[in-house]
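Here the structure is laid out as structure tokens; the discussion comes afterwards.
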Amino acid sequence: MMRKIFIILFGISFIILLFWLNLEKELDYDDYEKMEFLSPKNKSQLENEGYSKVDIEKI
């Protein structure tokens with residue numbers, strides 16, 4: 001019984017960790033092609049894609 005609980009808690013923790021790590025994207029400001037691609041998008045689109053407020057301001 002304890003083994004099942006441990007496996008379930010470990011699985012839930014792993015899923016939460018993966019979601020948290022992918023929540024905000026890293027943006028390389030020297031990647032001009034990507035910056036050019038992102039520049040026409042509006043603020044809400046960039047937020048939905050997971051970019052931070054600082055990155056959005058720099059785009």
Side-chain angles (χ1 to χ4, degrees):
M1 183 67 179
M2 286 296 283
R3 189 173 181 176
K4 283 185 178 181
I5 293 172
F6 176 74
I7 291 172
I8 291 171
L9 288 176
F10 181 77
I12 292 171
S13 300
F14 184 73
I15 291 170
I16 290 172
L17 180 64
L18 283 177
F19 180 73
W20 180 71
L21 289 175
N22 289 326
L23 192 57
E24 286 195 4
K25 297 182 178 183
E26 292 287 324
L27 185 61
D28 182 14
Y29 302 120
D30 293 330
D31 186 358
Y32 297 112
E33 290 179 15
K34 185 161 187 163
M35 294 294 280
E36 187 79 22
F37 173 75
L38 293 173
S39 63
K41 294 185 178 185
N42 64 28
K43 185 177 180 180
S44 63
Q45 286 175 319
L46 294 170
E47 286 175 350
N48 290 339
E49 291 180 13
Y51 291 102
S52 69
K53 293 182 188 285
V54 174
D55 287 341
I56 293 172
E57 294 299 321
K58 290 186 179 184
I59 291 171

**Message:** If you compare all heavy atoms of Y51 against all heavy atoms of I56, which two are closest, and at what distance to 0.1 Å?
**Reply:**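 Minimum heavy-atom separation between Y51 and I56: O-CD1, 3.7 Å.
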
**Asked** Hey, is the main chain of N42 close enough, under 3.5 Å, to the side chain of Q45 for a donor-acceptor pair?
**Response**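 At least one qualifying donor-acceptor pair exists.
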
**Request:** Answer yes if V54 and L46 sit in the same cluster of Ile, Leu, Val, Met, Phe, Trp and Tyr residues linked by side chain heavy atoms under 4.5 Å apart, and no otherwise.
**Result:** yes

**Request:** Would you kindly confirm whether F14 and F6 end up in one hydrophobic cluster when ILVMFWY residues are joined by side chain heavy atoms under 4.5 Å apart?
**Result:**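 Hydrophobic grouping puts F14 apart from F6.
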
Can you tell me how far [atom2] of [Y] sits from [atom1] of [X], rounded to the nearest 0.5 angstrom?
X   : Y   : atom1 : atom2 : answer
I7  : R3  : CD1   : CZ    : 5.5 Å
I5  : M2  : CD1   : CE    : 6.0 Å
E49 : E47 : CD    : CD    : 11.0 Å

